[in-house]
Asker: 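This is the structure I want to talk about, given as structure tokens.
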Amino acid sequence: MLILGIETSCDETGIALYDSERGLRAHALFSQIDMHADYGGVVPELASRDHVRKLLPLCDQVLADAGCGRADIDGIAYTAGPGLVGALMVGGSVAHALGFALGVPVLGVHHMEGHLLAPMLEPEPPAFPFVALLVSGGHTQLVRVDGIGEYEMLGESVDDAAGEAFDKTAKMLGLDYPGGPRVAALAEQGREGRYRFPRPMTDRPGLDFSFSGLKTFTLNTVTAAEEAGELDDQVRADIALAFETAVVDTLVIKCRRALQQTGCKRLVIAGGVSANKRLRHALEAMTGKLGAGVFYARPEFCTDNGAMIAYAGCQRLLAGQRDGERIVAVPRWPM
Ligand code: KG4
Ligand code: ZN
């Protein structure tokens, strides 16, 4: 079954072709980051308009790369949410129109399920069951995964997502959007021990997270350094490192707890923040000590992409699921 995947939930137009027998055939991504950079964040209307411009040309490019035509497509999966409603509607409309024209089934899938299953696209995918840490711009969740669609929420952020905290910290440090990779790059120059930031909610039992206090702590630290006339490049890097280390430590502590509680021997990390090298290294060290394994997608499949949607959609289409005639677009949608 050859599935076309369409991702348009935010600021990336992602298209991919996934073959249930042969695996990923082709994928393409257009990022709108440069377009939104002047505004310091994603402008929803501009995002929708750009998806309209890029979607069909990218579909044709991916089909050409795979040596296929539209007639070879057996099903279409698109991101139905959560995300920006206008952006979701663009992907859903194209998916339904193409599906209708080609006479093939169409299915809207959950964006976070896409992230969660992205490591399945790698040469050595994790076996079920596993614990997944989903860390993106909008979500921080720990999920027990027993199979496709068999998800048990173990814990989640009670306020900001980890990626959001990275983006806001970047802004405080005068870095561009999206902040995660830029904070991580700046932290490389930081001196250890110059600052120590809190590890929120780690002294309490449970698997929930909170990152808004850490954000305030960062703001207070930046403001104090500024007022003392100390906020030079070195101090900015020191703050970036202290912030990143605090987020990573917090995530590692909760992941360890989740593995111990569930008895699972496999940890999957997914979503934009799972591209973070310090987080990967720290989780590798932690799982190594527990005799467990950690799995993640290649960096380009950690952030938003069409391949994860094609994969997740393929599994569900194979199980017989499909949309009715209506386009599904759900801006807020718990998994
Ligand atoms: O999964 P994603 O592409 O989009 C959402 O579904 O939200 O995640 C984007 C988030 C942003 O907050 C971005 O700053 C963060 O992932 N991010 C990173 C890194 N790369 C992306 N955060 C920390 N370190 C990174 N290397
Ligand atoms: Zn995402």
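Atoms within a ligand are numbered from 1 in the order they appear, just like the ligands themselves. Here the structure is a predicted model, which means the values were calculated and not measured.
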Asker: Provide, to 0.1 Å, the distance between atom 21 (C) of ligand 1 and the closest protein heavy atom, together with that atom's residue and name.
Answerer: Gly272 O, 3.4 Å

Asker: Quick one: do Leu173 and Leu186 satisfy side chain to side chain contact (heavy atoms under 4.5 Å, CB included)? Show the steps, please.
Answerer: CA-CA 10 Å; Leu173 293 172; Leu186 182 61; 4.2 Å; yes

Asker: Looking only at non-hydrogen atoms, which of Leu279, Val135, Asp304 approaches atom 4 (O) of ligand 1 most closely?
Answerer: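 Minimum heavy-atom distance to atom 4 (O) of ligand 1 goes to Asp304.
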
Asker: Output a table of donor-acceptor pairs, distance under 3.5 Å, between side-chain atoms of residues 98-111 and any protein atom two or more places apart or on a different chain; print 'none' if there are none.
Answerer:
| from | atom 1 | to | atom 2 | distance (Å) |
| --- | --- | --- | --- | --- |
| His110 | ND1 | Met112 | N | 3.0 |
| His110 | NE2 | Trp333 | O | 2.7 |
| His111 | ND1 | Glu7 | OE1 | 2.9 |
| His111 | ND1 | Ser9 | OG | 3.4 |
| His111 | NE2 | His115 | NE2 | 3.0 |
| His111 | NE2 | Asp304 | OD1 | 3.0 |

Asker: With only distance considered, is Ala184 within less than 3.5 Å of ligand 1 through an N or O on each side?
Answerer: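 No - when backbone and side-chain N and O of Ala184 are compared with those of ligand 1, no distance drops under 3.5 Å.
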
Asker: Which of the atoms in ligand 1, numbered in the order shown and given with their element, are less than 4.0 Å from a heavy-atom of Gly163?
Answerer: 12 (O)

Asker: Looking only at protein heavy atoms, identify the closest one to atom 22 (N) of ligand 1 and say how far it is in Å.
Answerer: Gly180 CA, 3.3 Å

Asker: Which residue owns the protein heavy atom closest to atom 6 (O) of ligand 1, what's the atom, and how far is it?
Answerer: His111 NE2, 3.1 Å

Asker: What are the protein N, O or S atoms, given as residue plus atom name, that sit under 2.8 Å from the Zn ion (ligand 2)?
Answerer: His111 NE2, His115 NE2, Asp304 OD1

Asker: Report yes if the side chains of Val145 and Glu150 come closer than 4.5 Å at any heavy-atom pair, otherwise no.
Answerer: no

Asker: Compute the ring centroids of Phe166 and Phe243, then answer whether they are less than 6.0 Å apart.
Answerer: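 Ring centres of Phe243 and Phe166 closer than 6.0 Å.
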
Asker: Who's the nearest protein heavy-atom neighbour of atom 9 (C) of ligand 1, and how far?
Answerer: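 Going atom by atom, the protein heavy atom closest to atom 9 (C) of ligand 1 ends up being Gly137 N, 3.8 Å.
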
Asker: Quick test: of every protein heavy atom, which one is nearest to atom 24 (N) of ligand 1, and how far off is it to 0.1 Å?
Answerer: Asn276 ND2, 3.0 Å

Asker: Would you say Arg280 has more than 12 foreign heavy atoms packed within less than 6.0 Å of its CZ?
Answerer: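 Yes, the 6.0 Å shell around CZ holds more than 12 heavy atoms from other groups.
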
Asker: If you measure from each non-hydrogen atom of His115 to ligand 1, which part falls under 4.0 Å: side chain, backbone, both or neither?
Answerer: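 Just the side chain.
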
Asker: Would you tell me whether Asp233 and Gln189 have side-chain atoms, one donor and one acceptor, within less than 3.5 Å of each other?
Answerer: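 Note: Asp233 and Gln189 side chains miss the donor-acceptor criterion.
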
Asker: Which ligand 1 atoms, with their elements, are less than 4.0 angstrom from a heavy-atom of Thr303?
Answerer: 3 (O)

Asker: Could you pull out all residues at least two apart from Tyr311 that satisfy ring-ring contact (aromatic ring centres under 6.0 Å, His included)?
Answerer: Tyr18

Asker: Do Asp38 and Tyr177 get their side chains close enough for a donor-acceptor pair, meaning under 3.5 Å?
Answerer: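 No, no side-chain donor-acceptor contact under 3.5 Å.
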
Asker: For ligand 1, does Asp167 get within less than 4.0 Å through its side chain, its backbone, both, or neither, judged by non-hydrogen atoms?
Answerer: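 Near ligand 1, Asp167 shows its side chain, while the N, CA, C and O stay back.
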
Asker: Any atoms of ligand 1 less than 4.0 Å from a non-hydrogen atom of Gly138? List them with their elements.
Answerer: 7 (O)

Asker: Any atoms of ligand 1 less than 4.0 Å from a non-hydrogen atom of Ser136? List them with their elements.
Answerer: 1 (O), 5 (C), 6 (O), 7 (O), 8 (O)

Asker: Could you tell me which non-hydrogen atom of Lys54 sits nearest to which non-hydrogen atom of Thr13, and how far apart they are?
Answerer: CB-OG1, 4.0 Å

Asker: Salt bridge between Glu164 and Lys215, side-chain N to carboxylate O under 4.0 Å?
Answerer: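 Not counted as a salt bridge, because no side-chain N and carboxylate O are separated by less than 4.0 Å.
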
Asker: Do any pairs count as a salt bridge (Lys or Arg N to Asp or Glu O under 4.0 Å) and have a residue in residues 318-335, sequence neighbours left out, and if so which ones?
Answerer: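 For residues 318-335, and leaving out neighbouring residues, there are no salt bridge (Lys or Arg N to Asp or Glu O under 4.0 Å) pairs at all.
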
Asker: Among side-chain atoms of Asp160 and Ser212, is any donor-acceptor pair under 3.5 angstrom?
Answerer: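 No, no side-chain donor-acceptor contact under 3.5 Å.
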
